[in-house]
Every structure is written in structure tokens, then in C-alpha cells.
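See structure below.
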Amino acid sequence: MAAPAVSQARSTTSKTESYIDNKRKEDIRQANIVAARAVADAVRTSLGPKGMDKMISSSSGEVIITNDGATILNKMEVLQPAAKMLVELSKSQDTTAGDGTTTVVVIAGALLKQCLTLLSNGIHPTVISDSLHKASTKAVDVLTAMAVPVELSDRESLVKSASTSLNSKVVSQYSTLLAPLAVDGVLSVVDPAKPEVVDLRDIKIVKKLGGTVDDTEMVKGLVFDKKVSHVAGGPTRIENAKIAVIQFQISPPKTDIEQSIVVSDYTQMDRILKEERNYILGMIKKIKATGCNVLLIQKSILRDAVTDLSLHYLAKSKILVVKDVERDDIEFITKTLNCLPIANIDHFRAEKLGYADLVEEVSLGDGKIVKITGIKDMGRTTTVLVRGSNQLVLDEAERSLHDALCVVRCLVSKRFLIAGGGAPEIELSRQLGAWAKVLHGMEGYCVKSFAEALEVIPYTLAENAGLNPIAIVTELRNRHAQGEINAGINVRKGQITNILEENVVQPLLVSTSAITLATECVRMILKIDDIVTVR
């Protein structure tokens, strides 16, 4: 009689064991999803033109005000590994498209919310994951179908999309100035030989405190955030400049090893000084012989790049000197001036110089900058001088300008525009919902959830603008069902209008990459069923 009882006991224990095991996996999944959603909800309020800004104060006491999703998430100290994936997600959107960093996180958050419901209904994570992949591929096709092709010559469309990107930023009131600036900046560095590659490193942004954002300008040439060295009263303005970028030091040589030389009598001392003078004079004569009259000197680690003595002689021979040029800028400078950096005095030849009409020092705000304009055979680069009344505005203006530049870059590489204002998301939601009805089994169910998740964008837009989100989204669905593909939320008027007529447009690349990246991230989070900590 005892035997069956034992076997029964054994079977119950094995059952409960397997049950506990599954429970843990569900818990981990749920914990991951909840953590990731918390991150998404943190940036959700800063979506769209009426979004709020976040003030980030770091432990060192610096304060950043921004509403750029990538910046907010970058500065947040996220500890939970799954939530870290959302931070990486917004970073990858920042590198792919440059704009839509908040959108991508919000979409991912909404997808995770839907996944929780599906998981609690007992659908297997792999099934959900595969369906999400199918749905996102379909979504990209739908978006491509509703896109409007755009030509690079059509400057107006480019400006419209850049200003849409700027509208959600702190500096939105200056979008009329910054948007054309971003467009001209990108178009001036596009290489006609390979138009699809735009390197944003060719657009240098120089920040200078003082003035307002209105004073921001684009400079055809070079700007240094430095003074000309005034030590010996050298020139501060030179026309028909011949510019040399040098990477060697104009100062007396040092010994190779650390040692001190003891000089006992005066005649020896005089001889050393005379040698130094002759050495420097010899260098400067070589420089002068090529007709060079502007020197840009790279910062030196080994010893002083220039001494007072050499500056004195340089000033005497009427050569303008800008010293302490950062090493990272050398490449940009030589590309712009179309010259070669000179690493040794013996290689100093006229053909390595750059030519410009004017090099001058300009007073700006509380400091001075050096401007080089009218460069002969200028490389395809451009410089933007950003001004702002305080450091916070300056930094935010730079980030916003970077986003606008990225938007124009997207348009250059993939020349399609789609409407903004929540229109594409609702259209996707509608078409995917219809497609889900055709699919069989669990897939249809999962795709339907994907479609519902996309409605979070118009919902959040409406919510942030202080409208009634439910009424607005319902009305939007209705409009789209009647075939108005481009109906979207007009945040300024607080109602639904044709968004293309309102000039709210964004590049196709921003939306497609947002959806593909968000789906990819969610699929990864779904596939994780355990967290193992390794020391």
C-alpha cells in the first residue's frame, strides 16, 4: 500500500519543481519588461513639439536642459541590464537617423506593454518575437508606399523637414533661422561624386557665449575659438594670407634626456643664448622665404610650441600666429584650407601652404575669435558659429542643430519624405490591423497587438499638447479609415488637419529605422529568460 503513495509523492514534487522553474523565467521576463518600460515612460513626456524638457543635474554639479531622447538616456544612470538596452537603442537611432530618438524609445515601451499582455495570455515568447519581426517588415513596406520622393534641388522641402525636427526643441522659436542654415550646411559638404555619403564631421560647430541664438551664422571658411597671440604686438589682420599649418615647435631644442646643464661663466651663457637666437631666426627665415604670413601652430606635448623670443621675431617679420591648435582639428583645417600639415622645418615649401583673402581677429561677446574667409580652392567643409545667452541654451542649440543636420543628411541619403504629426503611425496601425485579420492563428493576434502599440505616438503627442488623447486618436482613426492618409494631429491648432499642408514632414529613414530598431530591441528583451550574474 505504501509503494503507490511514494510514487505519488514523487510525481507531485517533480510537478511543483517544474512549475517553480517556469515561474522564475516569467518573473525575470516581467522584471525586464517593467524596467525597460519605466525608462520609456521617463522620456515619454518629452515627445513632440509640445513635449516637456528634462533638467539633468550631474553629481559634479553641471546642469543640462534638453529634450533630446538620446541625451536624456545617455545621462541617466540605468542599472537594470534590460533597461540599458533601451539606452543603447536610442543611441543607435541617434547614429542611424539622428532624429526620432525619443520616438524609438516610446515605441519600444508600447510594444513591451503589449508583449506583457500577450505573455500573460500564455503565448510563447518565440511566437511573439517572430510575429513582431514580420509586422515590422510589413510596416516598413507600408511606410515606403506612402512616402513622397524629394529632390535635393527642392530646397523648400528640405527646410520644412529640418524645421519640423527643430520644432520639438528648446530653441524652436529660432527654427526659421536654424533650419535653412542646417540645409545649406549639409548641401555645401555633399560631394557630387558620391552624394549618398555625408560626413557630418565636415560641418564644424563652434560655440561662443554671448549674444542670442539669433546671432548664429554660417561661415564660409574657418573659425578658431582663440585669440591671435599678442605677445610681441604682431599683426591681427592680414589680407591675401598664405597660411601654414605646422606640427613642429619654433623653440630652442631640448636635450633628449632629462638633465640640467650647469653653465659656470657668462661667456658660455651668451653663447647659448646666441645659438638659441640664431636657431630660431634660421627657422623663421625659412618660413618667411616661402612668403608665408599666417602660422597655425599645433599644441605640443614635448615642449613649448613657441617661446616669447620666437613670437617676438615672428611679429617682427609680420607673421600672424595662432597657437595651441588642437590636434583633432588639424585634419579639418587642412581639408578646408586645401593645404598639407608641415611636420618638419626642412619640409617647409610654398606648395604646402593654403591661400585665403583675409585672416582677421574679431571681437565677439567677451572674447575674440579668429576668422579665415575667402579661402582659395576651399575643401567641402563649412563652419557654423553658434551663439547663446548662457551655456545651457548654447549646448541645447548645438544638439538641436545636430539633429537638424542629421535630418537633412537622412534626406540626402534616402530621398523620401513622409508626413509627421502621428499620421504615419496611425496609418500603419490601420493597415497592419487589417492585415492581421488575414493571418492565421497566434500570428494574427500578435500583429494586432503590434498595430495597437503604434497608436502610442499620436496618443502621446495629443497628451503632451494638453488635448484629449482618446478623442483625438479616435477621430484620427476615423479620418484614416475614410482614406485621408496624411491626416495628423496639428498641435498648434489642437485639431486634426492634413499635416502635409501644414509643412510638418520628416524623412522616411527616421520612421523606418525607429520601427525596425524598436522591434529588434523588444525581440531581444523577449528572448531573455534568465539573468546570470558573473563576478
Side-chain angles (χ1 to χ4, degrees), residues 202 204 206 208 217-251 279-300 304-364 367-383 385:
D202 290 344
K204 190 174 178 205
V206 178
K208 194 81 179 126
E217 54 174 342
M218 195 164 103
V219 182
K220 271 272 175 231
L222 271 176
V223 173
F224 292 102
D225 190 6
K226 296 191 175 53
K227 303 204 295 256
V228 173
S229 62
H230 290 289
V231 179
T236 56
R237 177 193 165 101
I238 282 191
E239 290 178 10
N240 293 336
K242 295 184 180 174
I243 306 162
V245 181
I246 63 173
Q247 295 180 307
F248 56 86
Q249 296 89 13
I250 308 183
S251 56
Y279 178 81
I280 290 174
L281 269 173
M283 279 179 129
I284 290 173
K285 275 181 186 151
K286 276 186 188 167
I287 292 173
K288 194 69 188 150
T290 56
C292 160
N293 50 14
V294 177
L295 271 188
L296 308 177
I297 305 179
Q298 180 184 320
K299 240 184 191 163
S300 164
D304 301 333
V306 278
T307 57
D308 289 352
L309 187 64
S310 56
L311 281 174
H312 168 76
Y313 285 133
L314 283 167
K316 273 221 164 125
S317 45
K318 296 273 179 291
I319 294 179
L320 182 144
V321 179
V322 180
K323 57 180 192 205
D324 290 347
V325 175
E326 290 295 339
R327 182 154 184 184
D328 308 339
D329 296 344
I330 294 283
E331 191 184 344
F332 180 82
I333 293 166
T334 49
K335 190 170 181 178
T336 310
L337 291 174
N338 208 354
C339 64
L340 295 168
I342 302 165
N344 194 333
I345 183 71
D346 304 329
H347 303 163
F348 208 100
R349 295 191 204 92
E351 58 262 27
K352 288 194 177 180
L353 302 183
Y355 299 91
D357 294 345
L358 180 62
V359 177
E360 63 173 335
E361 184 181 66
V362 191
S363 294
L364 263 193
K368 294 183 171 173
I369 58 166
V370 180
K371 255 188 192 174
I372 302 181
T373 45
I375 298 170
K376 214 166 106 190
D377 302 332
M378 181 168 155
R380 292 189 173 276
T381 60
T382 184
T383 307
L385 184 61

From [atom1] ([X]) to [atom2] ([Y]), nearest 0.5 Å:
X: Lys220; Y: Thr336; atom1: NZ; atom2: OG1; answer: 10.0 Å
X: Tyr313; Y: Ile280; atom1: OH; atom2: CD1; answer: 7.5 Å
X: Ile369; Y: Leu222; atom1: CD1; atom2: CG; answer: 11.5 Å
X: Lys288; Y: Leu314; atom1: NZ; atom2: CG; answer: 10.0 Å
X: Lys352; Y: Thr290; atom1: NZ; atom2: OG1; answer: 11.5 Å
X: Met283; Y: Phe348; atom1: CE; atom2: CZ; answer: 10.0 Å

Check: Sub-3.5 Å donor-acceptor pair from the side chain of Thr334 to the main-chain atoms of Leu340, do we have one?
Finding: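 Not a single qualifying donor-acceptor pair exists.
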Checklist line | SB check Asp202 Lys335 (cutoff 4.0 Å) | finding: yes
Heavy atoms from other residues, nucleotides or ligands near [atom1] of [X] exceed 12 (cutoff 6.0 Å):
X: Arg380; atom1: CZ; result: yes
X: Lys227; atom1: NZ; result: no
X: Glu217; atom1: CD; result: yes

Next item on the list: Taking the side chain as every heavy atom from C-beta outward, state whether Asp329 and Phe224 have any pair of such atoms under 4.5 Å apart.
Entry: no
Checklist line | Close side-chain approach of Tyr355 to Asp377, heavy-atom, < 4.5 Å | finding: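 They are not in side-chain contact.
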Item checked: Partner residues of Lys285 under the salt bridge (Lys or Arg N to Asp or Glu O under 4.0 Å) criterion, sequence neighbours left out ->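 Checked Lys285 against salt bridge (Lys or Arg N to Asp or Glu O under 4.0 Å); zero matches.
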Item checked: Derivation of the side-chain contact (heavy atoms from CB on, under 4.5 Å) call for Leu311 and Lys323 -> CA-CA 10 Å; Leu311 281 174; Lys323 57 180 192 205; 4.2 Å; yes
Anything under 3.5 Å between a donor and an acceptor, one on a side chain of residues 291-299, the other on a protein residue two or more places apart or in another chain? List them.
| from | atom 1 | to | atom 2 | distance (Å) |
| --- | --- | --- | --- | --- |
| Asn293 | OD1 | Lys242 | N | 2.7 |
| Gln298 | OE1 | Gln247 | NE2 | 2.9 |
| Lys299 | NZ | Glu326 | OE2 | 3.0 |

Residue pair [X] / [Y]: nearest heavy atoms and the distance that separates them:
X: Ala244; Y: Ile342; result: CB-CD1, 4.2 Å
X: Val228; Y: Pro235; result: CG1-O, 3.8 Å
X: Met378; Y: Thr381; result: CE-O, 3.1 Å
X: Leu320; Y: Thr236; result: CD1-C, 3.6 Å
X: Leu385; Y: Lys208; result: CD1-CB, 4.3 Å
X: Val370; Y: Lys226; result: CG2-O, 3.3 Å

Margin query: Test side-chain contact (heavy atoms from CB on, under 4.5 Å) on Lys286 and Asp346; report intermediate values, then the result.
Written below: CA-CA 8 Å; Lys286 276 186 188 167; Asp346 304 329; 3.4 Å; yes
Note to self: Run the side-chain hydrogen bond (donor to acceptor under 3.5 Å, both in side chains) test on Thr307 and Ser251 for me, step by step, so that the C-alpha distance in whole Å, both residues' side-chain angles and the decisive distance to 0.1 Å come before the verdict.
What the structure shows: CA-CA 6 Å; Thr307 57; Ser251 56; 5.9 Å; no
Next item on the list: Test Val245 against every option in Leu337, Leu353, Val325 by the side chain to side chain contact (heavy atoms under 4.5 Å, CB included) rule and name the one that passes.
Entry: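 Going through Leu337, Leu353, Val325 one by one, the side chain to side chain contact (heavy atoms under 4.5 Å, CB included) with Val245 is satisfied by Leu337 alone.
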Note to self: Quick one, Ile372 with Val219, criterion side-chain contact (heavy atoms from CB on, under 4.5 Å). Give me CA distance, side-chain angles, the key distance, then yes/no.
What the structure shows: CA-CA 9 Å; Ile372 302 181; Val219 182; over 6 Å; no
